[in-house]
Amino acid sequence: MAESVTKRSEDYSKWYTDVVQMAELADYGPVKGTMVIRPYGYAIWESIRNICDRMFKETGHVNAYFPLFIPESFMKKEAEHVEGFAPECAVVTIGGGKQLEEPLYVRPTSETIIWSMYKKWIKSYRDLPLLINQWANIVRWEMRTRLFLRTTEFLWQEGHTAHATAEEAEAEAMKMLEVYRILAEDYLAMPVYVGRKSDSEKFAGAVRTYAIEAMMGDKKALQSGTSHFLGQNFAKAFDVTFLNKENKLEYVWASSWGVSTRLIGGVIMCHGDDKGLILPPKIAPHQVVVIPIWKSDEEKSLVKGKLESLGAELKAKNIRYFIDDNEQATPGWKFNQWEMKGVPVRVEIGPKDVQKNQIVVVRRDIKDKQFIPMDNAGDVIVTLLETIQKDLFNRALEFRNQNTFPVSNYEEFKKIIDDGGFVKAFWAGSAADEVKIKEDTKATIRCIPLNQTEKGVCFFTGKPSDTIAIFARAY
RNA sequence: CGGGGUGUAGCGCAGCCCGGUUAGCGCGCCUGCUUUGGGAGCAGGAGGCCCUGAGUUCAAAUCUCAGCACCCCGACCA
């Protein structure tokens with residue numbers, strides 16, 4: 001009986017697919033490109049969603065919900081937007097058995113329908129800022145899909161804000177970018193490069209796009225969150241104006257920002273190993289799994305007694321724990337199963353432990369096994385979870401830094417990209433140069449870090465440059 | 001849309017080339033007994049429009065043609 005995943009070193013994408021399915025995170029839906037998020041995967045999404053939602057509310061945002069269907073005419077109002085999204089949209093042309101007067105787009109993102117409503121709601125500077133987020137599903141008809149990373153339909157949040165000034169809208173985009181950085185680094189333990197997108201990579205309809213970019217276990221990049229300064233593009237397209245303090249009519253300034261279930265894919269590829277998933281404690285549905293062990297009925301009642309007191313202690317410390325007392329499965333099977341599912345800490349209690357008043361505690365990430373006294377188990381485990389959270393981040397950070405390289409010419413660049421890794425180097429090229437690099441190497445500018453002060457020479461054009469860019473192959 | 005491939009039990013496959021009784025195997029599932037500190041053992045059992053349609057033949061999972069679906073590599077895409 002060999003129920004293990006493909007080794008990461010053998011076939012990384014097979015490994016990924018194996019983990020997603022064997023850890024019961026998701027399954028393929030009946031329609032090509034669709035995904036069923038299974039309870040365990042959904043629980044991870046709920047963790048992420050709760051963390052985000054709290055941070056959004058702490059930064060002054062409120063939730064609302066806008067319709068799934070968008071009239072075709074709305075999509076066409078912003079030229080770049082329709083050009084960018086129309087080819088990957090699903091369109092409804094029949095309703096109630098009749099051909100519709102106007103086709104309805106299934107939202108690929110909600111800027112258009114939201115700004116059509118903002119036109120009604122915004123009249124004065126007193127109505128601003130308007131800071132709305134929605135949790136929703138969206139549809140993008142992708143040609144090639146991968147569970148969590150790119151599916152036809154996925155879950156996300158999209159924030160859409162309206163402001164009286166460009167500075168305020170830009171500040172909002174930056175603020176939410178920072179929220180995303182905190183989400184990625186402090187909760188998902190996934191270090192990210194934070195920066196601006198090049199013009200060719202920016203969102204269709206944005207003035208500027210910002211992103212967080214993470215390195216996966218195969219040294220490819222994953223765009224993990226984006227935040228856009230939209231300028232007045234959508235306000236102009238939907239004619240959203242307000243009277244400012246000087247009683248002058250002005251177009252509203254906007255931002256939008258989003259993260260999606262793709263983050264789950266990021267967590268899998270950032271931390272996972274050949275035994276499966278490794279979840280950061282802060283988002284793990286179960287932070288601790290307790291596996292009781294007994295043979296006789298006598299041992300069973302002894303162990304059960306200890307389980308109760310341990311459960312009470314873990315609960316008192318607000319630890320999310322699960323006692324796997326299923327008698328149909330053997331302990332060995334459970335060990336493997338919960339390692340596959342990435343539970344950060346495993347606790348074993350058997351007759352021997354009861355006798356010594358101890359428990360066995362095993363870390364998922366480094367397999368470290370220790371025996372600790374029963375009495376202060378709660379405190380020890382709280383500390384252990386914090387340590388694991390930090391260690392996961394540091395391990396990922398070290399991996400990323402060791403695989404991020406400077407280059408001084410294009411030959412070096414090609415070698416790094418071919419061998420796998422990020423390139424962090426001075427850049428003064430054009431959009432055409434970006435295309436050329438992409439054609440040659442499949443690498444793109446992932447982001448241009450903010451607040452740069454250094455000067456150097458562009459590795460591609462040889463021109464002087466004050467801009468460092470990060471290049472990589474991406475998902 | 002171009003190139004290649006695959007459709008047989010819940011999953012993974014064999015059988016097909018060379019047509020011939022009740023279509024097999026592994027895992028999973030069910031029942032019973034024994035087990036339980038790293039994926040338990042034995043015994044018994046359930047489960048199949050062999051992708052669809054047409055054709056060839058005494059006879060088709062197997063040969064021929066058409067269709068459909070899916071997968072991989074491109075193209076496209078974040």
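Computed from a predicted model, the values in this text were never measured in an experiment. Letters A, B, ... are given to chains in the order of the sequence lines, protein chains preceding strands, and every chain is numbered from 1.
Using a 4.0 Å cut-off between charged nitrogen and carboxylate oxygen, A:R8 and A:D18 do not count as a salt-bridge pair. A salt bridge does not link A:K442 with A:D418: none of the charged nitrogens is closer than 4.0 Å to a carboxylate oxygen. Look at A:R395 and A:D365 and you find no salt bridge, because none of the NZ, NE, NH1 or NH2 atoms lies under 4.0 Å from a carboxylate O. Ion pairing between a basic and an acidic side chain is recognised when a charged N comes within 4.0 Å of a carboxylate O; A:E78 and A:K236 show no such pairing.
Remark: the separation of the P atoms in B:C71 and B:A54 is 28 Å, to the nearest Å. Rounded to whole Å, the separation between the P atoms of B:G20 and B:U31 comes to 38 Å. The separation of B:A23 from B:A46, taken at their P atoms, amounts to 14 Å, rounded to a whole angstrom. Spacing between B:C16 and B:C77 at atom P, rounded to whole Å, works out to 45 Å. Rounded to the nearest Å, the gap between the P atom of B:C13 and that of B:U8 is 9 Å. Nucleotides B:G24 and B:G48 place their P atoms 14 Å apart, quoted to the nearest Å. Look at the C1' atom in both B:C1 and B:U62: the space between them is 33 Å, to the nearest Å. When the C1' atom is used for both B:C29 and B:C11, the distance is 11 Å, rounded to whole Å.
Rounded to a whole Å, the CD atom of A:Q328 is 15 Å from the P atom of B:U36. Distance A:N336 CG to B:G37 P: 12 Å, rounded to the nearest Å. Rounded to an integer number of Å, the gap from CZ of A:R346 to P of B:G37 is 12 Å. Between the P atom of B:A78 and the NZ atom of A:K202 lies a distance of 14 Å, rounded to the nearest Å. Rounding to whole angstrom units, CZ of residue A:F148 and P of B:A78 are separated by 22 Å. One interatomic measurement links the two molecules: CZ of A:R140 to P of B:A78, which rounds to 8 Å at whole-angstrom precision. At whole-Å resolution of the value, NZ in A:K304 and P in B:U36 are 18 Å apart. In this structure, A:R150 atom CZ and B:C76 atom P are separated by 13 Å, rounded to whole Å.
Place A:T330 and A:Y475 on RNA chain B by their nearest nucleotides, and A:T330 ends up nearer the 5' end. Nearer the 5' end of RNA chain B, as judged by each residue's closest nucleotide, is the contact made by A:F371, out of A:G84 and A:F371.
Between A:H228 and A:T209, the side chains place a donor N or O and an acceptor N or O closer than 3.5 Å (distance only, hydrogens not considered). A donor-acceptor pair shorter than 3.5 Å cannot be found between the side chains of A:T404 and A:N401. With 3.5 Å as the limit, one finds no donor-acceptor pair spanning the side chains of A:T109 and A:R107. Checked by atom type, the side-chain pair A:T161/A:S255 shows a donor-acceptor distance below 3.5 Å. A donor atom on one side chain and an acceptor atom on the other are found under 3.5 Å apart for A:D440 and A:Y410.
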Can you give me the N/O atom pairs linking the protein to nucleotides 71-75 of chain B at distances under 3.5 Å, or say none if there are none?
unit_1, atom_1, unit_2, atom_2, d
B:C71, OP2, A:K32, NZ, 3.2
B:C73, OP2, A:R144, NH2, 2.1

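When heavy atoms are screened at a 4.0 angstrom cut-off, A:K275 is found touching base atoms of the nucleic acid. Among the protein residues, A:R146 comes within range of no part of the nucleic acid, since none of its heavy atoms lies under 4.0 Å from any strand. Note on A:P87: nothing from the nucleic acid sits closer than 4.0 angstrom, heavy atoms only. As judged by a 4.0 angstrom heavy-atom cut-off over every strand, A:E213 is placed among residues making no nucleic acid contact. Residue A:K352 is classed as a base contact, given a heavy-atom separation below 4.0 Å to a base.
A cation-pi geometry, defined here as NZ or CZ lying under 6.0 Å from the six-membered ring centre and within 45° of its normal, does not hold between A:R196 and A:F229. Stacking of A:R346 on the aromatic ring of A:F335 is recorded, both the 6.0 Å distance cut-off and the 45° axial limit being met.
For B:G39, the base has no donor-acceptor partner in the side chain of A:E339 [N/O atoms by modelled type, under 3.5 angstrom].
Distances from the side chain of A:P351 to the nucleotides B:G39, B:G37, B:A78 place B:G37 closest. With B:G38, B:A78, B:G37 as the choices, the nucleotide that has an atom nearest any side-chain atom of A:R446 turns out to be B:A78. Which of B:G37, B:G38, B:A78 sits closest to the side chain of A:E348 comes down to B:G37. The side chain of A:A474 has B:A78 as its nearest neighbour among B:G38, B:G37, B:A78.
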Pairs counted only when both distances fall under 3.5 Å, Watson-Crick or G-U: show me the 5' to 3' dot-bracket for RNA chain B, [ ] for pseudoknotted crossings and | for other-strand partners.
(((((((..((((......[...)))).((((((.....)))))).....(((((..]....))))))))))))....
What verdict does the ring pair (Phe, Tyr, Trp, His ring centres under 6.0 Å) test give for A:F69 and A:F74, after you've listed the backbone C-alpha separation in whole Å, the side-chain angles of each residue and the deciding distance to 0.1 Å?
CA-CA 10 Å; A:F69 296 125; A:F74 284 22; over 10 Å; no
